There are 2 protein chains.
Amino acid sequence: MIYNMLNKNSSEDTLRSLGLMTLGSRLKRLGERLQAEVQPILSELAPPVAAGQHPLLAALSKHGALTVGELAALLGVAQPGITRAVGQLAGIGLVAVTTAAEDGRRRLVSLSPDGVAFVAAAREGVWLRVEKAVADLCAGFGDELLAHIGSIEDGLARKPLTARAVEERQDDLA
Amino acid sequence: MIYNMLNKNSSEDTLRSLGLMTLGSRLKRLGERLQAEVQPILSELAPPVAAGQHPLLAALSKHGALTVGELAALLGVAQPGITRAVGQLAGIGLVAVTTAAEDGRRRLVSLSPDGVAFVAAAREGVWLRVEKAVADLCAGFGDELLAHIGSIEDGLARKPLTARAVEERQDDLA
DNA sequence: GCTATTTATATAACATGATATATAACATGT
DNA sequence: ACATGTTATATATCATGTTATATAAATAGC
């Protein structure tokens with residue numbers, strides 16, 4: 001019976017065996033795994049910043065001051081998450097927040113001087129190392145993978161999944 | 001200026017432009033997006049079950065009764081998450097939990113009669129429709145994408161990311 | 001100018017990942 | 001038989017996604 005126990009599931013992966021039916025769960029799991037593995041590398045640059053917040057800093061560096069809503073749109077996440085992340089980054093002094101002059105509702109988020117230095121150092125150091133490590137992991141098919149991901153994202157924007165499944169049902173009725 | 005605002009970021013995606021450096025964040029985002037889009041389809045089968053919990057039911061259906069630890073290993077997630085999910089599924093009557101006879105620490109989780117019927121119906125209905133919708137979304141490259149994902153998962157198991165980045169640093173020192 | 005509607009964002013609440021730890025059961029060694 | 005170490009799992013805590021909503025500012029329409 002101990003033999004059965006070990007054989008039963010010692011190296012099986014249910015998500016893998018379920019294929020495209022659980023693609024979302026599998027991508028999420030792998031994404032979280034990668035973020036967790038990348039975190040120690042990123043944290044070598046002080047102050048430690050969550051892996052998921054580095055793109056926010058990169059967006060500010062690239063575009064200059066942005067509103068909460070703009071950041072949410074650029075990063076493809078919900079607004080309250082950005083509010084929270086910005087609050088945390090402001091707390092450690094990497095970003096500064098002001099109220100937009102032309103619209104009192106808008107909050108303008110920008111890199112602080114410390115934030116500017118942080119991003120510059122990250123570009124030359126940890127970001128580069130992370131990219132290389134991930135490229136090594138992808139063993140040459142990185143570009144192809146990114147293209148597939150892009151294609152799925154574009155496909156979802158064009159036509160949501162529920163619309164694809166609805167058509168399937170109509171086919172069944174015919 | 002309104003023109004500038006719109007042009008600034010109307011369709012740009014920071015994660016996409018950052019490429020492999022933010023692969024984890026991007027995979028996580030897409031995975032959560034897919035789970036969210038799949039949820040309404042799955043919820044057509046009563047009772048509603050979270051997208052992330054369907055694989056747990058599939059694992060029980062395939063392997064029979066499993067312990068909490070075995071489920072965590074099969075699904076590649078942490079044990080407390082399984083404890084919670086099992087509690088929820090037991091709450092809606094799809095799984096049953098007993099104590100293993102040969103080891104009083106182990107909890108044996110199995111599909112209830114309602115759970116067996118649920119899985120059977122899902123197999124013929126919503127799981128099939130989800131798989132087809134996702135395959136449609138992948139536009140023919142589904143198998144290739146799954147292979148890439150598998151390769152990354154295997155690559156992480158063989159050699160963690162931090163080990164890959166460490167070697168990079170040693171190269172820099174030389 | 002006033003009213004109704006829309007918009008930007010903070011806040012609340014919740015779901016779902018994780019790590020850490022307490023507790024009990026089991027295994028090992030003397 | 002007893003002490004020590006290991007293991008399975010519930011529980012606590014936290015981080016990070018989300019949706020919903022309240023509040024204030026801005027916009028649209030008359």
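Only this structure's heavy atoms are used, side chains among them; waters, hydrogens and symmetry mates stay out. Residue numbering restarts at 1 for every chain, and letters A, B, ... go by the order of the sequence lines. Please read these numbers as outputs of a predicted model, since none were measured by experiment.
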Exercise for review: For Arg129(A) and Arg164(B), run side chain to side chain contact (heavy atoms under 4.5 Å, CB included): C-alpha distance rounded to whole Å, both residues' side-chain angles, the deciding distance at 0.1 Å, then the answer.
Suggested key: CA-CA 9 Å; Arg129(A) 286 173 47 219; Arg164(B) 296 174 198 267; over 6 Å; no
Check your understanding: Is there a side-chain polar atom (N or O) of Thr83(B) under 4.0 Å from OP1 or OP2 of dT9(D)?
Key -> no
Point to revise | Sugar-phosphate only, base, or nothing, as touched by Gln88(A) at under 4.0 Å among non-hydrogen atoms | key: sugar-phosphate
Point to revise | Side-chain N,O (Arg107(B)) to OP1/OP2 (dA8(D)) below 4.0 Å | key: no
Exercise for review: Indicate yes or no: at least one non-hydrogen side-chain atom of Leu74(A) is less than 4.5 angstrom from one of Asp13(B).
Suggested key: no
Practice item. Select one nucleotide: of dT18(D), dT9(D), dA10(C), the one nearest the side-chain heavy atoms of Gln79(A). Key: dA10(C)
Review point. Atom CG of Leu66(B) and atom C1' of dT9(D): how far apart are they, to the nearest Å?
Key: 15 Å
Study note, to complete from the structure: Whole-Å distance, Glu102(A) CD to dT7(C) P, equals 17 Å
Check your understanding: Taking for each residue the nucleotide of DNA chain D with the nearest heavy atom, is it Asp103(B) or Ala78(A) whose nucleotide lies nearer the 5' end?
Key -> Asp103(B)
Practice item. Please report, rounded to the nearest Å, how far the C1' atom of dT6(C) is from the CZ atom of Arg106(A). Key: 13 Å
Review point. Between dA25(D), dG17(C), dA10(C), which one does the side chain of Arg84(B) approach most closely?
Key: dG17(C)
Review point. Between the base of dA25(D) and the side chain of Arg105(A), is there any donor-acceptor pair under 3.5 Å?
Key: yes
**Study point:** Residues, nucleotides or ligands: over 12 heavy atoms within 6.0 Å of Asp154(A) CG
**Key:** yes
Check your understanding: Going through the distances and angles, do Val130(A) and Leu20(B) end up as a side chain to side chain contact (heavy atoms under 4.5 Å, CB included)?
Key -> CA-CA 8 Å; Val130(A) 163; Leu20(B) 291 179; over 6 Å; no
Exercise for review: Quick one: label Gly81(A) by what it contacts on the DNA or RNA (base, sugar-phosphate, nothing), any heavy atom closer than 4.0 Å.
Suggested key: base
Practice item. Give the rounded distance in Å between these two atoms: CD of Gln39(B) and P of dA15(C). Key: 13 Å
Review point. Just checking Ala85(A): base, sugar-phosphate only, or nothing, at a heavy-atom cut-off of under 4.0 Å?
Key: nothing
Point to revise | Criterion side chain to side chain contact (heavy atoms under 4.5 Å, CB included) on Arg16(B) and Leu146(A), from CA distance to verdict | key: CA-CA 8 Å; Arg16(B) 185 179 283 208; Leu146(A) 291 174; over 6 Å; no
Check your understanding: CG/Leu30(A) to NZ/Lys28(B) distance, rounded to the nearest 0.5 angstrom?
Key -> 12.5 Å
Review point. Using 30° and 60° as the class limits, which term best fits the ring planes of Phe141(A) and His148(B): parallel, tilted or perpendicular?
Key: parallel
Exercise for review: Could you check how far CD1 of Ile82(B) sits from C1' of dT19(C), rounded to whole Å?
Suggested key: 16 Å
Practice item. Please work out which residues in residues 26-38 of chain B have a non-hydrogen atom less than 4.0 Å from an atom of DNA chain C and list them by number. Key: none
Practice item. Nearest-nucleotide wise, let me know which of Ala100(A) and Gly52(A) is further upstream toward the 5' end of DNA chain D. Key: Gly52(A)
